[in-house]
Structure formats: structure tokens, C-alpha cells
A.B. asks: 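Below are the C-alpha cells for one structure; questions will follow.
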There are 2 protein chains.
Amino acid sequence: MTETSTVDEQPGIPARSQTDVVIAGIKGMITDGRLGPGSRLPIERDLATELGVSRGSLREGVRALAILGVLETRQGDGTYVTSLDPERLLSPLGILAELHTPAHAGHLLAVRRVLEAESAALAASALTDEDLAALDAILDEVDGILASDPDMDLERFIDTDTAFHRRIAQASGNPALAGMIDSLVGRTHRARLWRAITERGTVRETQGEHRAILAELKAHDPERARIRMAVHILGVEEFATAHAGDEASDPAP
Amino acid sequence: MTETSTVDEQPGIPARSQTDVVIAGIKGMITDGRLGPGSRLPIERDLATELGVSRGSLREGVRALAILGVLETRQGDGTYVTSLDPERLLSPLGILAELHTPAHAGHLLAVRRVLEAESAALAASALTDEDLAALDAILDEVDGILASDPDMDLERFIDTDTAFHRRIAQASGNPALAGMIDSLVGRTHRARLWRAITERGTVRETQGEHRAILAELKAHDPERARIRMAVHILGVEEFATAHAGDEASDPAP
DNA sequence: GGTGCAAGAATGGTCAGATGACTGAGACGT
DNA sequence: ACGTCTCAGTCATCTGACCATTCTTGCACC
């Protein structure tokens, strides 16, 4: 049985399954420097032999690491280590945004509030005129959407909302922070669409709050930007906390 | 070819591979309410048939969702949806802590600083006498470790350090926040051990800072606790940012 | 009737082999 | 030099068989 020999070869790694052997083996290759960002792995057949597992088990382990953003497979070419950037490694965080239970919506929004307030504060000092013009353009587009009420394109509104938050997060200059916010904001489309549909008034309110945030960003005032962003998200957080028992009650700003 | 029929059955889901079909299919079962926390999935053979894929492809998809904390498989029993708690869904975040490149250590620490400062502030209002006694016991244990210098058990020191931060995060009352901190703190053992070994002085300094944090927590002063925690992590963040090019230079407080 | 144990059924875990789909490199033609 | 085609290499998928683990059920004993 190859499991015994594999455990012997890697003392301290309690391998519970062959797939765990694969995951631990590849992670070890990365941490010990044999593989780095962008490295190509040995072909499946050879790597399976090296790790003492079947090709099927190897594939299961590779698939797991792929969804974690560590590896990417290219059919016909090979399997590669990704850039291991925060954006890559944080993308699985979106599953939390998609699948958490309604009882936890408020908790998640509280985390977002903390992160996004920080990113707004950092961005206030870093935003260029070009960035600010781009943010202005996003909000101008929302004005256009609002002008077509009652036939507002709510899908488009959600997209602009996401773009607004994303742009600010990127301007923070911290890729880990931006990646985290991106994952938390970008994958809640369905719930936010639901809220926009059921509570039309929040669309205008959100736009007003976005304008207030942008004004402080333009003033390059970190603390005011932080406060504006925090209160923007706090409204929705309180809504979510109050409606934690409702079906699909996971709103977002 | 089953891929075509599967795409037809789930319009709007651009399935790129059979495993993607599986992942999207199971996620859909969760979001549309057919499966909930703790639910048992159909057996592999039946589920593969239902989704129109082979058992091997089904397994790859299940494995991917398992490592994301969405599913857990029990041999001989079946495959289950997890509790979908933040703790579960955030555990994959630890991969970021393990595999990010040194260039991003400072970024990650900055995120931790924001999150942990917030958790300290929340905890300051929520900590019970029992919690505070437990935190005191942790730091007393560290005093014992320090007393055995130069034969300090650094592994033990790292464990107590982790326990201290974890206990505070849990006391915040926000499981998403606690889960995130847990994932970011709990999986950086190797790098923190390296720092403790190479810079013995930081062990005493850390203990001093932990004592200061605990004093503010005992005083139930959210803002002072926030500041103490922030400056505690800021020191290491600045160290990491200054040594971003060094090998294994990912320290942590 | 209650308890414990063994056997069998159910189900996930693994492997091997075959075939299909895709990619990149090299050869060839213009 | 550039574009196109071919082929070898490699991942993607499927099938079938066997192994390992867990749970359920039946039976024996008290």
C-alpha cells in the first residue's frame, strides 16, 4: 500500500487520503522553493508517480488547489503555479459571499465595513485625477440609470455599484485589501439585485451616499472618506441584522 | 456529448468543464434551497447521473467544494453540506497566509491590523471575567516560557501567541471576523517561528505589547484596545515591509 | 425487553486503461 | 518573414473494477 510509504517519506504530514498527499506534496514544493509563481509542474503521469498516487487522485488534488487559486491547468499545455498574488488566493473567499446563511449577513457586512472604510481612507491619499474622473463617470452613469425610472436597469445599477467599490479598493494600494473586498463585493450580485428590486428607494439613497464618499475622496480627506464609507455600509448592515430571518435577505450597499 | 445538454438545462451558467458543471450544479442546489447546512447529497453514482457527468468528474468537483469548506465527504456514509458557517467557509483563506509571496507580507499584515484592531475594540465591550482570566492565563504561560531563556520553547510561544489573538477575535462576537483572523493568524506558524528564532528580543517585546492590550481589554475601553492592537501589529508590518525582499521574511506578531 | 456483536450492505476512495479535446512547437509554403 | 497546417504532447473525460470504511440490521445472550 503506497499510503504507508508516502507517510514515511513526509514525516509530520498526517496524510489522510491520497488527495491530501497530493495537496501537501505540491504545497511543499512551493514552500521549499522547487516551484514558484508561474512555474510549470511535471506532467500528470510523472507527478502522480513521484507522489505515489494514481493519476485520478492526482487530478483531484490539483483540482482542489486550482479552485484555491494556487494552480491553473491548461489542457494540451500543462499545469502551472499561479502568480500567488492576493487577488488569486483570495478569490475563493467569494464562496462565503455566495453561500453563507442569512443569519451571518450582518457579520459579513460588518467585516466589509471595516475593510472598505480602511480602503477609502487609503484611497483618499492615493487617488489620481484620472481615478477620480473614472469614479465620477461611474456615478454619472448611475444618474443616467436613475433618470429612466421606473424602467431602471437594475442589473446595470448593481454593476456600477460594484465598479465603484472596486475602483476605490484598488486605489488603496494594498492588493490583499483590494482582493478581499473584491471577493466580498463581487460575488453577491443575486442578493443585491433582490434588494434593489424590492426596495427601489435604496437605489437613490445609495447614489447619494456614493456622491458623498466621492466628495471626500476628491478632498483627499482620509478620515472623512473613512466615515462616509463606513456609514454607507452601516445602513445596509443594520438592515441585514434586522432581517436576518428573512429569505434571501442578504443585502449589500 | 453531455456537455451540450447540461448547458441547456442550466441557462446562464457558462460551463467550461464537467467539473465546473458539478460545482455550479451543487452550488445551485444550495442556493435554491434543495440542500441546506447539514444536508446529505445523493450518492456519487446518482448525482453524477443527475448532473450528466462521470463519477470521476463528479469527484473532482466535490473535492473542490470540499476544500472550500462547502462539502465534507465521509467514506461509507455519504457526502454532506457543511454548516456553511463563516468559520468553515473562511478556512481556505489560510492558503493565502501560507503561500503568498514575501512581497505581499506587509499588505497582508495591514489587513490583519485593520481586522484585529476592530476585533479588539469589539471584544473590549464583550469580554467576560472568564475570558479575561483565560487571557491572563495565556500570558502567564508566556511568562513561564520567558523565564526559561535561553532554552525557550519557541514552538510553545507561537502557540500561545496564536491562542491570545484567537481568543480576542472570538470575543468580538462576529464569527466572520473571527474566522478571517483565525485563518490569517493560524496558518503562519513557520514564518513566525523563524522570526522568533532569529530575533529573540521580539519575544519579550511581544509579551509586553500583549500585556498592554490586555490591560485595555480589562478596562473595557474599546478605543484604547483598538489602538494597542493596531500598534502591536504595525511594528511587525513595518518590519515585513522593510524586509520584503528577504527569504522567508514573513513575520507576524 | 435490552444490549452487544458480527455480518452484510451501502458508499466513498483508489486504480488502471482507453479515448477525446486542446495547445504549442515545428515544418512547410508563399 | 509571416501564415498555415500537422503532429506530438498533455490535460479532460469516461468506464470498469476493486478496496476501505461506515452504518444498519439481524441474531444471540442476558
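All chains are named by letter (A, B, ...) in the order of the sequence lines, taking the proteins before the strands, and each is independently numbered beginning at 1.
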A.B. asks: Side-chain contact test, heavy atoms from C-beta onward, threshold under 4.5 Å: evaluate it for A:I138 versus A:D161 and give yes or no.
C.D. replies: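 Not in contact.
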
A.B. asks: Measure from CD on B:Q75 to C1' on C:dT14 and round the result to the nearest Å.
C.D. replies: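 The answer, rounded to whole Å, is 9 Å.
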
A.B. asks: Contacts to DNA chain C from residues 54-73 of chain A, heavy-atom cutoff under 4.0 Å, which residues?
C.D. replies: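 Of all residues in residues 54-73 of chain A, the ones placing a heavy atom under 4.0 Å from DNA chain C are A:S54, A:R55, A:S57.
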
A.B. asks: Taking it one step at a time, do B:I30 and B:L84 satisfy side-chain contact (heavy atoms from CB on, under 4.5 Å)?
C.D. replies: CA-CA 10 Å; B:I30 294 172; B:L84 299 181; 3.9 Å; yes

A.B. asks: Is the number of heavy atoms from other residues, nucleotides or ligands within 6.0 Å of CZ (A:R45) greater than 12?
C.D. replies: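 At most 12 heavy atoms, drawn from other residues, nucleotides or ligands, come within 6.0 Å of this atom.
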
A.B. asks: Within residues 76-85 of chain B, find the residues that approach DNA chain C with a heavy atom at under 4.0 Å, and present them sorted by residue number.
C.D. replies: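 Hits under 4.0 Å, by residue number: B:G76, B:D77, B:G78, B:T79.
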
A.B. asks: Check the surroundings of atom CG in A:D32: do more than 12 heavy atoms from other residues, nucleotides or ligands lie under 6.0 Å from it?
C.D. replies: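 Counting other residues, nucleotides and ligands, CG of A:D32 exceeds 12 neighbours.
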
A.B. asks: Which residues pass the side-chain hydrogen bond (donor to acceptor under 3.5 Å, both in side chains) test with A:R34, sequence neighbours left out?
C.D. replies: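 A:R34 satisfies side-chain hydrogen bond (donor to acceptor under 3.5 Å, both in side chains) with A:E50 only.
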
A.B. asks: Tell me whether the OP1 or OP2 atom of D:dA20 has a side-chain N or O from A:S17 closer than 4.0 Å.
C.D. replies: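 Checking D:dA20 against A:S17, no side-chain N or O comes under 4.0 Å of OP1 or OP2.
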
A.B. asks: With a 6.0 Å cut-off (strictly less than), is the heavy-atom count around CZ of B:R74, excluding the residue itself, greater than 12?
C.D. replies: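 It does: B:R74 CZ has more than 12 such atoms within range.
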
A.B. asks: Are side-chain N/O atoms of B:T162 and B:D159 paired as donor and acceptor at under 3.5 Å?
C.D. replies: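 Not at all, the side chains of B:T162 and B:D159 share no donor-acceptor pair under 3.5 Å.
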
A.B. asks: Where along residues 34-49 of chain A does a heavy atom fall under 4.0 Å from DNA chain C?
C.D. replies: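 Of all residues in residues 34-49 of chain A, none places a heavy atom under 4.0 Å from DNA chain C.
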
A.B. asks: So, A:S17 and A:D20: side-chain donor and acceptor under 3.5 Å apart, yes or no?
C.D. replies: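 Yes, because at least one side-chain N or O of A:S17 sits under 3.5 Å from a partner of the opposite role on A:D20.
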
A.B. asks: Can you list everything that forms a salt bridge (Lys or Arg N to Asp or Glu O under 4.0 Å) with B:E141? Sequence neighbours excluded, please.
C.D. replies: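 Salt bridge (Lys or Arg N to Asp or Glu O under 4.0 Å) list for B:E141, sorted by chain: B:R156.
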
A.B. asks: Listed by chain and number, what are the side chain to side chain contact (heavy atoms under 4.5 Å, CB included) partners of A:R113, not counting sequence neighbours?
C.D. replies: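 A:R113 satisfies side chain to side chain contact (heavy atoms under 4.5 Å, CB included) with A:A110, A:A230, A:I233, A:L234, A:E237, B:E118 only.
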
